[in-house]
Amino acid sequence: MAVRNSSSSRPRPRRATAPARGLEPPALAGLNPEQLAAVTAPLGPVLVLAGAGSGKTRVLTLRIAHLVASGAPPDSILAVTFTNKAATEMRERLARVLGPDAAARTVVGTFHAFCLRVLREHGAALGLPAFTLCDAADQLAAARAVLRDLRVPEQHVAPAQLQARISLGKNRLQRAEDQDDDLLRRGWLAYDEHLRRNRQLDFDDLLLAALRLLEERPAVRRALQARYRHVLVDEYQDTNRPQYEIVRRLAEKHHSLFVVGDDDQAIYGWRGADVTRILGFAQDFKGATTVRLQTNYRSTAGILEAANRLIACNVGRHEKTLRTALGDGDSPKVVPQADEETEAAFVAQDIAARLAAGARPAEFAVLLRTAVQTRPFETALRAAQVPYRLVGGPSFYDRKEVRDVLAYLRLLVDPDDEAALLRIANTPPRGLGKASLDRLVADATAAGRPVAESFDRAASVEGVTPVAAEAASGLRATLRTLGARAAAATDLVALVRETLNAVDYRAEIERCPTPEERAARIAGVNEVLNVAENLQRRGATSLRELLDRLTLKEQDDRTAEAPGERVLLMTLHAAKGLEWPRVYLVGCEETLLPHQKSIDTDTVPEVRRLMYVGITRAQRQLTMTFAATRSRYGSRSPTLPSRFLYEATGQAPPPQWRPAPATGEGRGRRGKKPPAQRSASG
DNA sequence: AACATCGCTATTTTT
DNA sequence: TAGCGATGTT
């Protein structure tokens with residue numbers, strides 16, 4: 001991707017310190033004393049409080065190298081991250097430091113990938129012999145089915161909302177039975193039952209099942225503790241309860257636990273991450289060493305000053321103050337604008353002017369609070385002829401054809417997979433329409449058997465047309481044949497091709513009305529083949545493994561692909577871990593940043609951290625903007641500058657922050673206190 | 001099965 | 001305002 005991560009490209013701290021015993025001098029040379037202390041901390045629990053831009057990935061990598069140099073076998077090392085991207089980067093860096101062979105023996109992956117690995121190996125001990133992964137779309141489908149079965153009008157509870165609440169509950173290690181909310185309790189129980197019937201685990205279940213294994217199966221626990229003697233965790237502030245418990249169990253035998261994180265960058269509380277884990281590390285793990293990395297190699301002094309000021313407004317944190325290793329640089333700028341259109345136009349023109357002066361597009365990022373803010377920016381950037389790319393949005397894996405192909409493959413591994421079967425039952429059209437399909441599902445539900453079995457006996461199910469019955473049983477026969485072949489397949493890519501031919505997926509593509517759409521679908525299918533080939537090269541040997549890795553999106557290159565020279569446009573959440581020379585932090589208004597929802601739910605400190613993350617993305621230019629009026633939900637209302645602007649600059653709002661809006665409304669507030677909240681939603 | 005229309009809602013999102 | 005899903009129309 002266009003953005004390089006952390007310390008790879010920035011000046012190294014100058015002073016070399018004495019090399020630690022066991023690790024080659026060149027590796028440790030160039031670490032500053034804080035980093036060196038972290039890397040060479042005594043074996044045992046270590047908490048590294050890594051401020052933004054302080055070189056944490058480097059420390060993590062060198063710690064592993066240090067362990068290996070001190071005699072730890074590489075395969076005794078487990079490093080967990082939150083995203084595939086972080087895992088990939090860690091693997092690459094490890095290969096450079098340890099050499100490819102030793103690096104390949106370490107286990108580096110996301111929490112979910114690690115848990116899946118453990119479950120595939122030891123799941124039988126829990127009576128979990130075979131399962132497929134339930135991805136986001138399946139989760140939603142399950143929630144929808146549950147609401148339908150409970151006969152709850154969807155107007156009252158959106159499937160997505162039920163799913164989110166179940167997920168949050170699981171991520172807080174709560175139990176369905178204990179939920180006070182009647183609908184949530186019943187919905188959650190039914191959801192779990194739905195998944196169980198389909199032998200699926202959702203992403204959250206992966207963590208929970210792995211934890212159960214560790215807690216309830218001592219033999220497995222001992223085996224895992226012996227295998228993974230050294231545990232390292234990245235982004236520790238983002239761990240949720242199940243993840244924390246897994247780590248604790250793994251490390252409780254040997255106490256070699258090295259966690260790196262920054263409580264000031266904890267921005268995922270709303271999905272179950274629990275900052276108290278990083279705050280309480282020293283109490284949780286006796287004899288822990290704590291190291292603070294406060295030297296920042298990313299941003300100039302003025303930017304860090306704003307960041308430090310802002311975050312100091314939060315209480316109950318591990319206090320840290322970032323010091324720049326670079327020069328003074330320019331102060332961050334605050335630019336008021338009349339409305340979201342002029343805000344976007346200002347940013348686009350400012351970027352265009354700097355491009356004209358020699359800057360490159362990839363030096364810039366525009367960071368927003370919400371996805372709906374993107375539109376005016378897209379329009380303005382296009383008008384100013386600035387090349388940009390919107391990061392985020394739907395993934396490659398959300399595309400219809402990709403999901404279709406994956407559904408077929410899942411059926412080869414598990415012919416009873418209901419979600420997959422229903423998805424492709426009439427894709428391409430085989431005369432198995434909605435009415436007949438409903439009958440088959442009803443028949444299965446009534447008889448308490450898998451829908452797949454009703455497909456087999458479709459001819460005797462009442463209300464199913466002969467054509468549909470023939471289609472249903474024919475489909476099953478085709479899948480059986482393919483499944484038998486899949487079990488023995490060595491060339492996975494060939495198997496995928498063969499499957500698509502056998503089910504005539506081409507017919508589905510031909511249904512697209514426009515040639516462009518057809519081409520896009522074909523490209524999507526080809527991309528699946530590419531990814532499959534890639535994964536096969538990287539060691540996927542069975543169709544099941546291929547599917548696992550596809551579902552965990554190990555190859556999602558939405559951000560990795562097509563770097564190019566483009567200004568990036570993304571949400572603040574998506575910007576975490578990235579950096580650019582020039583950053584625009586837009587929409588800095590009360591009720592947007594912080595969002596009204598955050599104000600209502602008393603989670604402003606978390607948004608302050610989000611703002612902090614945004615500020616600390618900037619290397620040498622930071623421009624914060626706000627609009628005096630903003631159109632939301634179809635009506636325009638006056639806004640107030642974000643309290644974070646006052647906090648970061650330490651100033652009362654200067655007069656120039658009070659632009660006279662065209663309407664004459666929305667006079668800025670003077671005074672040094674954060675402005676009173678006003679609802680902008682009308 | 002494809003398309004129009006109504007009514008409702010409206011942060012952040014990885015695996 | 002716009003996008004989604006459910007419902008109604010062709």
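Here is the naming used below: chain letters follow the sequence lines, and residue numbers restart at 1 for every chain.
Spacing between atom CD of A:Q139 and atom C1' of B:dT15 amounts to 9 Å, rounded to whole angstrom units. In this structure, the CD atom of A:Q243 is 10 Å from the C1' atom of B:dT14, given to the nearest Å. For the pair A:L552 CG and B:dT15 P, the computed distance is 9 Å after rounding to whole Å. Distance CG (A:L368) to P (B:dA10): 21 Å, rounded to an integer number of Å. Rounded to an integer number of Å, the gap from CD of A:Q161 to C1' of B:dA10 is 13 Å. Spacing between atom CG of A:L367 and atom C1' of B:dT12 amounts to 13 Å, rounded to whole angstrom units. Look at CG on A:L206: it is 13 Å from P on B:dT15, rounded to the nearest Å. The NZ atom of A:K576 sits 12 Å away from the P atom of B:dT15 (whole-angstrom rounding).
Closest contact between the side chain of A:K553 and the listed nucleotides B:dT15, B:dT12, C:dG5 involves B:dT15. Checking B:dA2, B:dT15, B:dT13 against every side-chain atom of A:R511, the shortest atom distance belongs to B:dA2. Here the side chain of A:A371 is nearest to one of B:dA1, B:dT15, B:dT12, namely B:dT12.
Under the ring-ring contact (aromatic ring centres under 6.0 Å, His included) criterion, A:Y228 pairs with A:F114, sequence neighbours left out. Scored by the side-chain hydrogen bond (donor to acceptor under 3.5 Å, both in side chains) test, A:R617 finds A:Q265 as partners (sequence neighbours excluded). For the ring-ring contact (aromatic ring centres under 6.0 Å, His included) test, residues two or more places apart in sequence or in another chain that qualify with A:F111 are A:F82. Among residues two or more places apart in sequence or in another chain, the side-chain hydrogen bond (donor to acceptor under 3.5 Å, both in side chains) test is passed with A:Q243 by none. Looking at residues two or more places apart in sequence or on another chain, you find a side-chain hydrogen bond (donor to acceptor under 3.5 Å, both in side chains) between A:E235 and A:K56, A:Q237. Listed by chain and number, the residues in a ring-ring contact (aromatic ring centres under 6.0 Å, His included) with A:Y268 are A:W270, A:H573 (sequence neighbours excluded). For A:Y236, the ring-ring contact (aromatic ring centres under 6.0 Å, His included) partners are A:F281, not counting sequence neighbours. For A:T276, the side-chain hydrogen bond (donor to acceptor under 3.5 Å, both in side chains) partners are A:D274, not counting sequence neighbours.
We find that the ring of A:Y268 and the base of B:dT14 do not stack by the test of centres under 5.5 angstrom and planes tilted less than 30°.
Between the side chain of A:T342 and the main chain of A:D339, a donor-acceptor pair closer than 3.5 Å is present. One N or O on the side chain of A:D205 and one on the backbone of A:D202 form a donor-acceptor pair closer than 3.5 Å.
In this structure, A:R196 is not positioned above the aromatic face of A:F131 in the sense of NZ or CZ being under 6.0 Å from the six-membered ring centre and within 45° of the axis.
Of the residues in residues 110-121 of chain A, those lying under 4.0 Å from DNA chain B by heavy-atom distance are A:T110, A:H112. Using a 4.0 Å cut-off on heavy atoms, none of the residues of residues 604-617 of chain A approach DNA chain B.
Residue order along DNA chain B, read from the 5' end via each residue's closest nucleotide, puts A:T603 first among A:T551 and A:T603.
Salt-bridge formation is not detected for the pair A:D398/A:R403: no Lys NZ or Arg NE/NH1/NH2 atom is positioned less than 4.0 Å from an Asp or Glu carboxylate oxygen. Look at A:R410 and A:D138 and you find a salt bridge, because one of the NZ, NE, NH1 or NH2 atoms lies within 4.0 Å of a carboxylate O, short of that distance.
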Audit row: A:R117, A:E121, salt bridge (Lys or Arg N to Asp or Glu O under 4.0 Å) steps and yes/no: CA-CA 6 Å; A:R117 176 195 184 109; A:E121 195 177 344; 5.4 Å; no
Residues A:K170, A:D192; criterion salt bridge (Lys or Arg N to Asp or Glu O under 4.0 Å); working and verdict: CA-CA 11 Å; A:K170 289 182 178 182; A:D192 278 353; 3.1 Å; yes
Secondary-structure string, 5' to 3', Watson-Crick or G-U under 3.5 Å, | for another-strand partners, for DNA chain C: ||||||||||
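Remark: A:N84 is in phosphate contact with B:dT15, judged by side-chain N or O atoms under 4.0 Å from OP1 or OP2.
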Atom pairs under 3.5 Å, N or O on each side, protein against nucleotides 1-3 of chain C: can you list them with distances?
unit_1, atom_1, unit_2, atom_2, d
C:dG3, OP1, A:R375, NH1, 3.3
C:dG3, OP1, A:R375, NH2, 3.4

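Taking atom P in both B:dT13 and C:dC4, one finds a spacing of 16 Å when rounded to whole Å.
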